[in-house]
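Chain letters run A, B, ... following the sequence lines, proteins first and then strands; every chain starts at 1. This one's a predicted model, so the numbers in the text were calculated from it and none came from an experiment.
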Amino acid sequence: MAATQTQTLKNGTFPHGVHPPEHKEFSEDIPIEVVPTPSKVMLPLLQHVGAPSVPVVKAKDVVALGDMISKGGGFVSAPLHAPIAGKVLKTAVSTLPNARHVQVIPIKADGEQLEGQALFDDVLGGEWSYEGIDQRDPQEITDTIAACGIVGLGGAAFPTHVKYTRNDEKPVDTVLINGCECEPFLTPDYRVMLEAPRAVVAGALLVARAAGAETIIIGVENNKPRAVEVLKQAAAGTGVQIAVLKTKYPQGSEKQLITAVLKRETPLGGLPLDVGVAVSNVGTAAAIARAVLRGKPLTHRVVSVTGAGIREPKNLLAPIGISYQELVDFCGGLNASAARIVSGGPMMGFAFANLDAPITKGTSGVTVLTAKDVRKAEETACIRCGRCVDACPMGLVPTKIALASRAQDVDLTQRYHIMGCFECGCCTYICPASIPLVQLIRTGKAQVIASQRK
Amino acid sequence: MTEKTFDTVSDPGMETPVIHVSPSPHLADQALTTQRIMLDVVIGLLPVVGMALYVFRLYAVKQLAICIVSCLAAEALFARMRGRALPLKDFSALVTGIILALSLPGPAPWYVGVIASFVAIGIGKAIFGGIGMNIFNPAMVGRAFVMIAFASALAASGYQDVNSSVDAVTQATPLDTFKQTGAVAPLSALFFGLTNGSLGETSALACLIGGIYLCIRRSASWEIPAGVITAAVVLGGITNLVDMDSGWTVLHHLFGGSLLFGAFFIATDPCSSPLTPRGKFIFGLGVGGFVMLLRLFSGYPAGVMFAVLLMNSLTPLINRWTIPRPLGAQ
Ligand code: SF4
Ligand code: SF4
């Protein structure tokens, strides 16, 4: 990899999309705070895309921070590691915000814990050196990523090693690191970029080395100029480029990001790999750096607890498996105006009520919305204005798909490429008739899957 | 850290928040409602209404009052008959009323407006199932009905009332004059709208002001008027080239008659026009093309109405032809 000057690509974007209010003001300027070790964590065996992990500990076992407690259940899977020191309890079941019932391994805190600044320095702080990265063995990098249980921290939770394992049929020429964070409210990625830019760049260099990619680009929306500044400094002399992108939702979605930065179209139903690209979120990049350079597994992540419904919005470094309740309590609790609690951001996140559920590797935050935020007019008839068509970043005709789904016309929904919809929510957001388009499309997709099973 | 109870609940003097669960997305563009779009159309129509009142005086007042009141009454009546809640709050009946009035000649008798209104709302909209279900532009359905039922009141001569005290109404319409005598109205008169015609069609300037407002607000899709104007310019240009001596130029075609009024306010009715940007442009081209054909080859004064109704009927087809290519599809 040639150490060329850091380049800045300007104002790329993708067609369509919407401009929801950004609302980053609640938490963007609040430095990451370390949550005190909770008395208990619960780790769902399945918190990634793929096969559930398989426990390697049993009740009453004593574990230290970072000990493996379950191993990957296949190639597309990821192991789990103890985020606190303590004692393993009996396996239990919990309902996650996405309404899935999953088996969890609970751990009760016991003994000496790593806390406060020491914990921050272990995860994100301290020195990050790029030295020797270009000499490392690619296979060793992906093996370490797999062993450390790293999955996409942007929300999708796809096991990271799968993307970067060298594949001669589909080589990766470009690594895109996603710092767009286009969901309103959420700021964990922003804080990671500001507070640990060198960890992000180190992670980017590592995965590029693993995959054999020549080009490395970090994409950031133009509403985060400070992040662009610090990343540029951190990337100086490494050949890593920064792409400043237009602020538009869903800029941070994989396919839209690839279109915006590289002008490549990921095939419908295909993967970024099909166009020679691998995409990871900035938080994931930092976790990769920690895994490979410090030998530490994924045990903690940064989450935002934000929105007008929370008393003291914060960005927190929290152990995976801590309950939502504890995060909310640590941020002063809910305001009386709180009306909806969302795991993730308001466009694609899941509303839920079971605050006892644990956060997972893919949890980017908790957004507490007020009645004013979620106010919605009554549904009226579609006036065929075409605004949903203009908004859909996938170039679909949402109204047709939704109405065909409602009429249970599976063929028609497929003719309109229903499976190309990734439920970004732009169409529902913009619809003047308040038609729950995405919800209807979700039902339609279930109908398609059911009809294919037959 | 000890386990805490729900802080908020134990907090004295504070209400417990009520938490709702609902599918994503959890935000909606709250400024954008059907009602707001219809209100925009009413605002966009104001310059045209103002110009109509200025040029046609009492004729305009009377026609507007008759059509608006009748449309609102018809909407209420048909909603009640179908057991629906009163849908007047979406302003769409008001829009239909204004457009209908503006598309009629001032001197048309009162019952023409009343019947056109009831047909517009009843047949144009209600029997399809109300707003959003209709295939045809309701106002144009009403207009077409009275056009056939009261042919003489709406023929070219129906625009003229030689004994009127209102100047414009004493003349024949400029398009008709041109057809009959070859005399060409001055462009400025067409542009500012001091000529005879349907109430809303006379002032190109007023149509442009209101229409551009609508397009900027995106309450009308700019692709439709762009299509209409493109077709008119191209076809008008060709006829100009063929017949160099004619004083009726491309600009006369654009500013005369109801072309611009139709392009910005009638053809842009979302319910009866296509969904995709490409479909909208094709629809506009079709409307403009038919208007020009009717103008060039027939003496009918209501080209826009037929053009819009015709293209309305093609809308489902256009929608099918213009399914956009999804990102990443072959
Ligand atoms: S945005 Fe809503 S009203 Fe407009 S075409 Fe789409 S579904 Fe219909
Ligand atoms: S939710 Fe689906 S249909 Fe709606 S805008 Fe997003 S991709 Fe398009």
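- For A/Arg264, no part lies under 4.5 angstrom from a heavy atom of chain B.
- A distance of 7.0 Å separates CG of B/Leu32 from SG of A/Cys385, quoted to the nearest 0.5 Å.
- By the 6.0 Å contact criterion, CZ on A/Phe352 is enclosed, its count of non-hydrogen atoms from other residues, nucleotides or ligands being greater than 12.
- Taking non-hydrogen atoms and a 4.5 Å limit, the residue list of residues 214-222 of chain B in contact with chain A, ordered by number, reads B/Arg217, B/Arg218, B/Ser219, B/Ser221.
- Contacts of A/Thr380 with chain B are made by side-chain atoms alone, with heavy-atom separations under 4.5 Å and no backbone atom involved.
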Q: Report the C-alpha separation of B/Leu27 and A/Val374 in whole Å, then their side-chain angles, then the decisive distance to 0.1 Å, and conclude whether the side chain to side chain contact (heavy atoms under 4.5 Å, CB included) test is met.
A: CA-CA 6 Å; B/Leu27 298 181; A/Val374 300; 5.6 Å; no
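- Using a 4.5 Å cut-off on side-chain heavy atoms (C-beta onward), B/Leu327 and A/Leu268 make no contact.
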Side-chain donor/acceptor pairs under 3.5 Å, residues 425-435 of chain A, sequence neighbours excluded:
| residue | atom | partner | partner atom | Å |
| --- | --- | --- | --- | --- |
| A/Thr428 | OG1 | A/Leu437 | N | 3.4 |
| A/Thr428 | OG1 | A/Val438 | N | 3.0 |
| A/Ser434 | OG | A/Ala377 | O | 3.4 |

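- In this structure A/Glu22 satisfies the salt bridge (Lys or Arg N to Asp or Glu O under 4.0 Å) test with no other residue, sequence neighbours excluded.
- Applying a 4.5 Å heavy-atom cutoff, the residues of residues 313-324 of chain B that approach chain A are B/Asn319, B/Ile323, B/Pro324.
- At a 4.5 Å heavy-atom cutoff, the contact between A/Pro393 and chain B is made by backbone atoms alone.
- Heavy-atom distances place no part of A/Ser323 under 4.5 Å from chain B, backbone and side chain included.
- At a 4.5 Å heavy-atom cutoff, A/Asp274 makes no contact with chain B through either its backbone or its side chain.
- Annotation for B/Ser24 and A/Arg442: closest pair OG-NH2, 2.8 Å, computed over non-hydrogen atoms.
- Neither the backbone nor the side chain of A/Phe14 comes within less than 4.5 Å of any heavy atom of chain B.
- Taken from CZ in A/Arg387 to CG in B/Leu275, the straight-line distance is 12.5 Å, to the nearest 0.5 Å.
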Q. Hey, mind stepping through B/Arg325 and A/His417 against side chain to side chain contact (heavy atoms under 4.5 Å, CB included) and telling me if it holds?
A. CA-CA 9 Å; B/Arg325 186 186 68 91; A/His417 310 283; over 6 Å; no
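- Counting heavy-atom pairs under 4.5 Å between each of A/Pro346, A/Gly386, A/Gly344, A/Cys392 and chain B puts A/Pro346 at the top.
- Ranked by heavy-atom pairs under 4.5 Å with chain B, the list A/Pro436, A/Ala351, A/Gly395, A/Cys388 is led by A/Ala351.
- No side-chain heavy atom of B/Val21 sits under 4.5 Å from any side-chain heavy atom of A/Arg340.
- Residues B/Pro25 and A/Met348 are not in side-chain contact: their nearest non-hydrogen atoms beyond the backbone lie 4.5 Å or more apart.
- No side-chain heavy atom of B/His26 sits less than 4.5 Å from a side-chain heavy atom of A/Asp373.
- Here the CD-OG distance, from A/Gln439 to B/Ser22, works out to 6.5 Å after rounding to the nearest 0.5 Å.
- For a residue to count as touching a neighbouring chain, one of its non-hydrogen atoms must lie under 4.5 Å from one of that chain's; by this rule B/Ile37 touches chain A with the side chain only.
- Options B/Ser272, B/Pro23, B/Pro277 differ in how many heavy-atom pairs under 4.5 Å they form with chain A, and the most are formed by B/Pro23.
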